[in-house]
Amino acid sequence: MRGVGGAPHPLRPLSSNPRPRVRFAPSPTGYLHIGGARTALFNWLFARRTGGVFILRIEDTDAERSTQASLQAILDSMHWLGLEWDEGPEVGGPHGPYTQTERKAIYRQYAEKLISSGAAYRCVCTKEQLDQQRKAAEAAKRPFRYPGTCRERKDIPVDVPHVVRFRMPATGETGFDDLVKGRIKVRNEELQDEIILRFDNLPLYNFGAVVDDVSMEITLVARGDDHVINTPRQVLMYQALGYPVPQFAHLPMILGADKTRLSKRHGAVSVLQYRDEGYEPQALLNYLARLGWSSGDQEIFTIAELIEKFDWSGCGHTAGVFNPTKLLWVNAEHMKRLTPAELAARVGARFAARGWNAGSQQRLERIAVVFRERAQTLQELEGAAKFLFERPAALDAAGVTKFLTPAIAPVLEELIAAIATAEPFSEAGLKPVFEAMLAKHNLKMVALAQACRLSITGGTVSPPIYDVMEILGREESLARLRHGAGTARGTA
RNA sequence: GUCCCUGUCGUCUAGUCAGGCCUAGGACAUAGCCCUUUCAAGGCUGUAACACGGGUUCGAAUCCCGUCAGGGACGCCA
């Protein structure tokens, strides 16, 4: 073990750990997206369901693209979703560090073990040589394979810059039983000697993942199915290292509406964006769970139900198209199930961010409950309630033409006078006044209600008018109605 | 190109492993109707799928083969 300093991390001894251990291992090369969130969710559900351990590991060996901001965005996303990890950044744990760049010495040790057993070897082929060979192969329309230049060399000293390659068996086949896809196997001749450790001691994905999964005693690896093809190579590495092969579960990809892999092109894919747009974390989780997994015909699940019912066998094996419209529906369903106090807390926070003060807790809850009926997200709710805090700058023109006509003006003025003293100032006190007015002038409710709605909210759509007036209060309602009456009369 | 995986309504899916209970069920979306103070919500009704072709079988969405289509992987990325 030369050139890597001390050996603070002895190779993991073989042991049997009864508790399932799973991990989510994102790369901090961007925000946490929908696909990553689902992978994290399934791992987390499995851990919670089985009493296992959920580990968060940061795979930051791609120095070019990894950033601190991305890491923070991932941690923020996980916290917001409520996918708390038992071991990993912030919380630590007995198998740390949980960031790959901090584990360099560990990879070197495992690589040396493979070299001494002959399962891997040092390679001094340069990137330039390889690139050239790859281009030549492409030009000749041959698939590129490492020619094995260093495969049998025994004369490469450790102190010469080199990479480490894994020696793939030339014959036979390697397979595994995937928990969602079933038996998968590949002929070993398809595999080639791949680099497992770079010249700077940082591992490549396949090796880094295996070493970390081994040293963190991971018992089940669940990830996106773009990794299926990597798995046989990894199986070979577990075997070469002498550790048991974990179980695998590969989740189908999430696609965009055009059926290609979901990406920024498809609009909102960042978890934090959904937070900002006023989605409920459990709704996002619920939707994500149902994208690729099902439990009979049930669509709406609480987190507790998800934990109780989650099972790899419930996972489908076809890629799924992300459907924002259905997410919206799921979110609305979850909003409906919130208690008034829960909803009010969320709504209040968003109001406060805009400098809106709803007054008492009771009034805030009333607003939340009344407005949620026609909002699918908190952001929508917020938009619909705006008129409560800011007088409409202008009344909807088409609405004015249709409902705030000169003919309604005297009725409105009469109504204003009548409700100035109506008690209570809510549906109970208001309804009789409105009805009397309708009877007297032989009007339909829609005409009066819309005239009021326009005057008070500035638009033609709002919660029931009595509720709106009650929430807004007598003084402000009357002021706006007077202004509306003026508009109707044509003098405003 | 090679290898791996996958094909049920527009979309997510149930059913496929143990073939008949499927004239294929649910949900989102969509169309219509009801309710109605606007818009929603809610209720009811409708349109809409077993990729294709063979085979096995009394019987196939379910099993087998082929075709086609889609996705993924072929890096000193993860």
Side-chain angles (χ1 to χ4, degrees), chain A residues 25-29 59-66 100 123 125-127 130-131 134 138 141-145 162-165 178 181-182 184-187 189-192 194-200 202-206 208-209 223-232 250 252-253 255 257 259-261 287 290-300 313-314 316-330 332-333 336 371-376 380 384 399 403 431 434 438 444-454 457 459-466 468:
Chain A
S27 295
T29 54
E59 306 208 333
D60 60 345
T61 53
D62 184 346
E64 306 264 306
R65 298 191 298 147
S66 295
Q100 289 190 324
C123 170
C125 295
T126 66
K127 202 172 189 173
L130 261 14
D131 283 346
R134 184 173 293 113
E138 276 168 21
K141 295 194 174 175
R142 283 183 290 110
F144 172 72
R145 292 180 66 93
H162 65 273
V163 301
V164 177
R165 279 186 188 272
D178 193 276
K181 290 175 174 295
I184 291 174
K185 59 189 176 188
V186 65
R187 291 192 307 281
E189 63 201 61
E190 302 291 338
L191 277 18
Q192 54 178 319
E194 61 184 49
I195 296 174
I196 57 175
L197 201 66
R198 300 198 295 214
F199 72 93
D200 60 0
L202 280 174
L204 260 353
Y205 173 72
N206 278 333
R223 81 250 275 203
D225 75 5
D226 46 339
H227 288 298
V228 168
I229 204 74
N230 284 321
T231 308
H250 287 95
M253 300 274 84
L255 275 23
K259 300 238 181 186
T260 63
R261 195 172 170 163
Y287 175 73
R290 278 291 286 102
L291 216 200
W293 173 85
S294 62
S295 177
D297 286 335
Q298 188 170 351
E299 296 285 350
I300 302 301
S313 66
H317 26 223
T318 58
V321 174
F322 181 73
N323 184 344
T325 307
K326 183 153 183 183
L327 203 211
L328 235 20
W329 175 78
V330 172
E333 291 299 311
K336 285 179 197 166
F371 280 79
R372 78 165 148 195
E373 187 70 15
R374 58 222 77 212
Q376 290 186 297
E380 275 183 37
F403 298 110
K431 195 174 183 185
F434 271 68
L438 295 181
K444 285 219 160 60
M445 179 61 180
V446 60
L448 226 208
Q450 284 301 70
C452 291
R453 199 182 316 277
L454 235 4
T457 73
T460 54
V461 173
S462 85
I465 194 65
Y466 302 134
V468 167

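Each chain gets a letter, A, B and so on, in the order its sequence line appears, and its residues count up from 1.
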ask   = If you check the A:Asp62 side chain, which of B:A78, B:C76, B:C5 turns out closest?
value = B:A78

task = Between B:C76, B:C5, B:A14, spot the one nearest the side chain of A:Asp297, thanks.
result = B:A14

ask   = Contact class for A:Glu333 (heavy atom, under 4.0 Å): base, sugar-phosphate, or nothing?
value = sugar-phosphate

request  = Compare the minimum distances between each of B:G26, B:C4, B:A78 and the side chain of A:Thr61, then state the nucleotide with the smallest one.
outcome  = B:A78

inquiry  = Nearest to the side chain of A:Arg198, heavy atoms from C-beta on, is which of B:C77, B:C3, B:U37?
reply    = B:C77

inquiry  = Quick check: on RNA chain B, is the nucleotide nearest A:Lys326 upstream (toward 5') of the one nearest A:Phe322, or the reverse? Name the residue that is more 5'.
reply    = A:Phe322

task = Please work out if A:Lys127 contacts a base, only the sugar-phosphate, or nothing of the nucleic acid, heavy-atom cut-off 4.0 Å.
result = base

query = For the residue pair A:His227 and A:Tyr205, does the interplanar ring angle fall in the parallel (under 30°), tilted (30 to 60°) or perpendicular (over 60°) class?
reply = parallel

ask   = Checking all strands, does A:Glu59 fall into the base, sugar-phosphate, or nothing category for heavy-atom contacts under 4.0 angstrom?
value = sugar-phosphate

task = Select one nucleotide: of B:C12, B:A40, B:U2, the one nearest the side-chain heavy atoms of A:Glu190.
result = B:U2

inquiry  = Using atom C1' in both nucleotides, what's the gap between B:G43 and B:U6 to the nearest angstrom?
reply    = 39 Å

inquiry  = By the 4.0 Å heavy-atom rule, please label A:Arg65 as base, sugar-phosphate, or nothing.
reply    = base

Minimum-distance nucleotide (side-chain atoms of A:Thr318 versus B:C39, B:C28, B:G7) = B:G7

message = Does A:Arg261 reach a base, just sugar-phosphate, or nothing at all? Heavy atoms under 4.0 Å.
response = sugar-phosphate

ask   = Across the strands shown, which category fits A:Thr126 at heavy-atom distances under 4.0 angstrom: base, sugar-phosphate, nothing?
value = base

ask   = Does a distance-only test, which skips hydrogens and angles, find a donor-acceptor pair under 3.5 Å between the side chain of A:Glu299 and the base of B:G26?
value = yes

query = Is any side-chain nitrogen or oxygen of A:Arg145 closer than 4.0 Å to OP1 or OP2 of B:G75?
reply = no

ask   = Base, sugar-phosphate, or nothing: which does A:Tyr287 touch, judged by heavy atoms less than 4.0 Å apart?
value = nothing

query = What does A:Ile195 touch in the nucleic acid at a heavy-atom separation under 4.0 angstrom: a base, only the sugar-phosphate, or nothing?
reply = base

ask   = Quick one: does A:Arg290 reach the base of B:U13 with a side-chain donor-acceptor pair under 3.5 Å?
value = no

message = Taking any heavy-atom pair under 4.0 Å as a contact, classify A:Ile465: base, sugar-phosphate, or nothing.
response = base

